[in-house]
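First up is the structure itself, then whatever we jot down about it.
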Amino acid sequence: MQSARRPQPQAPDRRLRRARITLTTAGTALALVLGAFAALPVFAQEAGAPVVLASPAESSPDDVLRFEADKVRYDSNSELVTAEGSVVLRREDQTVRADSVVWDRNTGKINAAGNIRFVDEDGNIVYTDKVELTDEFKAGAIEDLLIVLRTGGRLAARSGTRDENGNMTLNTAAYSGCSVEDSSGCPKNPSWEVTAARVYFDAKEKRVKYYGATLRLFGIPILPLPGLGHTSDFRAETGLLIPDFRLSASNGAEISETWYWRIADNRDLALTGTFYTESLPMLTAKYRHLTNLGAFQITGYATRSSRISVGGAASTQQQSWRGYIEGTGRLQFSPHWSLTGNGRLASDRTFLRRYDISRDDRLRSSLNLERIDNSSYLSIAGWATQTVRVGDPQGMVPLALPAIDYRRRAIINGIPGRFEFEANSLAILRTAGQDSQRAFARAQWDLRTITGLGQEVTLTGLVRGDVYHSAENELTTTAIYRGEPGWQTRGIATAALDVKWPFVGEFLGGAQVLTPRFQVVATPGVRNFEIPNEDSRSVDLEDTNLFALNRFPGHDRIEDGVRFTYGVDWDYQRPGLRVTTTIGQSYRLSRQNSILPDGTGLTNRASDYVGRTTVRFGDIVKVTHRFRLDKDSFALRRNEFDATLGDHRRYIEAGYLRLNRNIATTFEDLQDREELRFAARTPITRAFSIFASGIVNLTDKDEDPTFTSDGFQMLRHRIGVAYTDDCLDLSLTWRRDYVTTGDAQRGNSFQISLSLKNLGVK
């Protein structure tokens, strides 16, 4: 079905029809009409080829008007100039079209009628059927008009007037940010609109102000909107935003309203007041600033409520001020130098969870000065962390200050390969725990070559020297993490050979690449236990570190001895299908006890088997499986699935992880876990959809004696329904938390979210 010749502007009760408008253009369009007729000579032309006329030659180029019409008549007795049939006026990027135009030279009035369409230089469009103006273009009346903004808003009215300053008043009007035609060109009702008895447009301020406004959803009056207003070009401005509604187990019913202050084009502030039925109100402030060097923002929350302390041995309830502050920013001083910072600080351990701000169990803050160029990198940083985990003492959480790292890549004439040099320094401070400092320098050489048989061979040589100092080592609970107190030094040297040999061929109608890989790494004995372990604790054999020079994360632990690592990569592709697989194992020649704890897959001479398989069917299906298989019993020590089925409108996501390391509970960084995650969304109709997600803890006491779970504990889930179209996002969400932490109570929460395109309140 095709739309009519042009959208017919209708009053609100006759529905919005398709249009594009701007309130600033109606008067300009009429001015063009009048100016064009002022330049008309006295003659008559019958229907046929269009008449093309222009303003007098003495006019400036900006005043030139081009005029086209099928027929033009001039009545000298009544002093009437009439143009009929496809009347078109053009000036630069502006055009006016109408069926007929009549200019009364005696009264100075101009009347245009029939399918009037004006397009301004910004692409905004005015539709109407009848326009009347004076010959000075300072006042006039318009009937049954429709304005369509290039940004998407539409405003229809029964009638309107324009004063000598260009300000307009529209009567019985309706505004919507929705399209009023579907993809086939058929008319449709807007999902939301604002109706008003009167709308006033300020031409100087370019603002639209509504009087007697009411918000309608799907034609039903929902909410009165006193004082509603917005700019005609929808630039950000000071005003109230749409409120949010929520019902939670911890705070009861809540409503939040935000006042937005547009301080300047590069600065703004949003102040939000949230009111609860079961708690005192909370104030939130968010400040954003864009400077010549970069941008930053700061967000803060403040309230007073009763909280339950969960940081100590016993839980206590107390009334106090509570809050949270968060900031982030980046400054770019030059193409090479920049400063990046972020900070997070909460008043207590349950504030973020109770008020549904965040579920992070650690709040990290950092400041990092960086210099980056084509061959070098310098970082001078500081890190601080606040724990919000129950029973985790803050005094044992480290402060890293300073953390300095410098790296440089170089090619030395006469020596093949590439060199990389690194210098690193780190100081770890604790208020109730072990302190340590370290500094090291490293030089690494890599030579990569391709043999005549297609083998990729990489030779690596590495030397490194370390200096450490630590104190109060006995405060570290895990003995092998402590190291020896005082000053300690060590030297490290590593040599490695890595060979890949890809074979390419056809298979099952596609192409496959089979790449066997072999690596030898040799590192003489390293003083590991004398050195404190701060950044190499969470070690686990995975497909990502199988061929790494050092399978430990961080720098404090080095895997020494001689080892062979072997594996194979397989890649198969055909149209719509791709399968990639990696599997491998390593073998140590040394018989001495490994520094790697039992259960990491690297303790014995022969490691466990690790691998990863990824299967993709087009853009619809992706399945990834990671595993670690015990070399003796073939038990799955790591079993992880991630699956995605569908597209952005209809999908199912599922994730499963089980870590079965069988490691002693004294290693707090390497505990066994089992968890299931899922999420799904499916459309019911073209606009309506339902969604759900959840997290289930499957860890039992056999896997972790510190857990009280029986092997199936739902942590939280979310279920909701959403409506989404070109101008409206509306959703209702039910979320349930199954775990109580202090004053963050378990229970149900309900939230209504409403977003209207191009709508604000002032």
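Side-chain contact between R628 and L541: present, with at least one pair of heavy atoms (C-beta onward) separated by less than 4.5 Å. Residues F440 and E422 are in side-chain contact: their nearest non-hydrogen atoms beyond the backbone lie under 4.5 Å apart. Side chains of I492 and T523 form a contact here, defined as non-hydrogen atoms less than 4.5 Å apart. With contacts defined as side-chain heavy-atom distances shorter than 4.5 Å, the pair F275/E257 does not qualify. Contact of the L698 side chain with the F712 side chain is registered, since non-hydrogen atoms from C-beta on lie closer than 4.5 Å. At least one side-chain heavy atom of E370 sits under 4.5 Å from a side-chain heavy atom of R330. The closest side-chain heavy-atom distance from P553 to V539 is below 4.5 Å. Contact annotation: the side chain of T274 never approaches that of Y355 to less than 4.5 Å [non-hydrogen atoms, C-beta and beyond].
Shown here for S250 and E278, the closest heavy-atom pair between the two residues is O-OE1, 4.3 Å. Summarising the geometry of Q434 relative to P532, their closest heavy-atom pair is NE2-CB, 3.3 Å, with the distance given to 0.1 Å. A pairwise comparison of heavy atoms in R438 and D535 identifies NH1-OD2, 3.0 Å as the closest pair. A pairwise comparison of heavy atoms in A253 and L247 identifies N-CD1, 3.4 Å as the closest pair. Between L401 and A381, the shortest heavy-atom distance links the atoms CD1-O, 4.3 Å. A pairwise comparison of heavy atoms in N550 and R557 identifies ND2-O, 2.9 Å as the closest pair.
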Q: With side chain to side chain donor-acceptor pair (under 3.5 Å) as the test, would you mind laying out the steps for T385 and R362 before giving the verdict?
A: CA-CA 7 Å; T385 302; R362 295 178 179 88; over 6 Å; no

Q: Mind running salt bridge (Lys or Arg N to Asp or Glu O under 4.0 Å) on R681 and E653 for me, showing each step along the way?
A: CA-CA 9 Å; R681 188 183 192 101; E653 296 178 351; over 6 Å; no

Q: Check the pair F627 / I583 against side chain to side chain contact (heavy atoms under 4.5 Å, CB included), numbers first and verdict last.
A: CA-CA 9 Å; F627 69 90; I583 187 170; 4.0 Å; yes

(Q) Please determine whether side chain to side chain contact (heavy atoms under 4.5 Å, CB included) holds for the pair R658 and L636, giving the CA-CA distance in whole Å, both sets of side-chain angles, and the decisive distance to 0.1 Å. (A) CA-CA 9 Å; R658 187 186 184 195; L636 278 171; over 6 Å; no

Q.
Show, in sequence, the C-alpha distance, side-chain angles and deciding distance for L732 and I752, and conclude whether the side chain to side chain contact (heavy atoms under 4.5 Å, CB included) test is met.
A. CA-CA 5 Å; L732 172 63; I752 298 176; 3.8 Å; yes

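In this structure, Y587 has no ring pair (Phe, Tyr, Trp, His ring centres under 6.0 Å) partners at least two apart in sequence or on a different chain. Taking N342 as the reference, T328, S366 meet the side-chain contact (heavy atoms from CB on, under 4.5 Å) condition, with sequence neighbours excluded. When the ring pair (Phe, Tyr, Trp, His ring centres under 6.0 Å) test is applied to Y287, the partners found at least two apart in sequence or on another chain are H289. Partners of Y738 under the ring pair (Phe, Tyr, Trp, His ring centres under 6.0 Å) rule, at least two apart in sequence or in another chain, are H717. Residues meeting the side-chain contact (heavy atoms from CB on, under 4.5 Å) test with T387, sequence neighbours left out: R349, R389, D392, Q394, V397. Taking the salt bridge (charged side-chain N to carboxylate O under 4.0 Å, His left out) definition, one finds that D405 meets it with R407, sequence neighbours left out. R430 meets the salt bridge (charged side-chain N to carboxylate O under 4.0 Å, His left out) test with E534; sequence neighbours excluded. Here R482 pairs with nothing under the salt bridge (charged side-chain N to carboxylate O under 4.0 Å, His left out) rule; sequence neighbours left out. The salt bridge (charged side-chain N to carboxylate O under 4.0 Å, His left out) check on D466 picks up R464, R490, with sequence neighbours excluded. With sequence neighbours excluded, the residues satisfying ring pair (Phe, Tyr, Trp, His ring centres under 6.0 Å) with H469 are W487. The side-chain contact (heavy atoms from CB on, under 4.5 Å) search around A384 returns L399, not counting sequence neighbours. Under the side-chain contact (heavy atoms from CB on, under 4.5 Å) criterion, F333 pairs with L293, L331, W337, L339, L369, not counting sequence neighbours.
Side-chain contact, N368 with S379: a donor N or O sits under 3.5 Å from an acceptor N or O. Side-chain N/O atoms of S586 and R551 include a donor and acceptor closer than 3.5 Å.
Atom CH2 of W383 is surrounded by 12 or fewer heavy atoms from other residues, nucleotides or ligands within 6.0 Å. Atom NZ of K622 sits in a sparse spot, with 12 or fewer heavy atoms from other residues, nucleotides or ligands closer than 6.0 Å.
At distances below 3.5 Å, not a single donor-acceptor pair connects side-chain atoms of D556 with backbone N or O atoms of S536. The backbone N or O of N251 sits nowhere less than 3.5 Å from a side-chain atom of S279 that would complete a donor-acceptor pair. Q444 places no side-chain N or O within 3.5 Å of a backbone atom of L462 that could act as its donor or acceptor partner. In terms of modelled atom types and a separation under 3.5 Å, the side chain of T258 and the main chain of A270 share no donor-acceptor contact. Within the 3.5 Å criterion, the main-chain N or O of R563 finds no donor-acceptor partner in the side chain of R605. Within the 3.5 Å criterion, the main-chain N or O of A548 finds no donor-acceptor partner in the side chain of N545.
Distance check: T272 OG1 to L283 CG gives 8.0 Å after rounding to the nearest 0.5 Å. The line from OH of Y377 to CZ of R371 is 12.5 Å long, rounded to the nearest 0.5 Å. With values rounded to the nearest 0.5 angstrom, L345 atom CG is found 5.0 Å from Q386 atom CD. Rounded to the nearest 0.5 Å, atoms OG (S305) and CG (L280) are 7.5 Å apart. In this structure, OG in S347 is found 5.5 Å from CZ in R322, a value given to the nearest 0.5 Å. With rounding to the nearest 0.5 angstrom, the OG1 atom of T582 is 9.0 Å from the CG atom of L546.
Of the candidates D540, L659, N660, N660 is the only one forming a side-chain contact (heavy atoms from CB on, under 4.5 Å) with R637. With respect to D737, the salt bridge (charged side-chain N to carboxylate O under 4.0 Å, His left out) criterion is satisfied by exactly one of R353, R746, R359: R359.
Residues D642 and R677 are paired through a salt bridge, judged by an N-O separation under 4.0 Å between the basic side chain and the carboxylate. Taking the charged nitrogens against the carboxylate oxygens, E542 and R638 do have a contact shorter than 4.0 Å, which makes a salt bridge. Under 4.0 Å is where a charged nitrogen must lie from a carboxylate oxygen, and between D360 and R344 at least one such pair does.
Relative orientation of the Y301 and Y324 rings is tilted, given thresholds of 30° and 60° on the angle between their planes.
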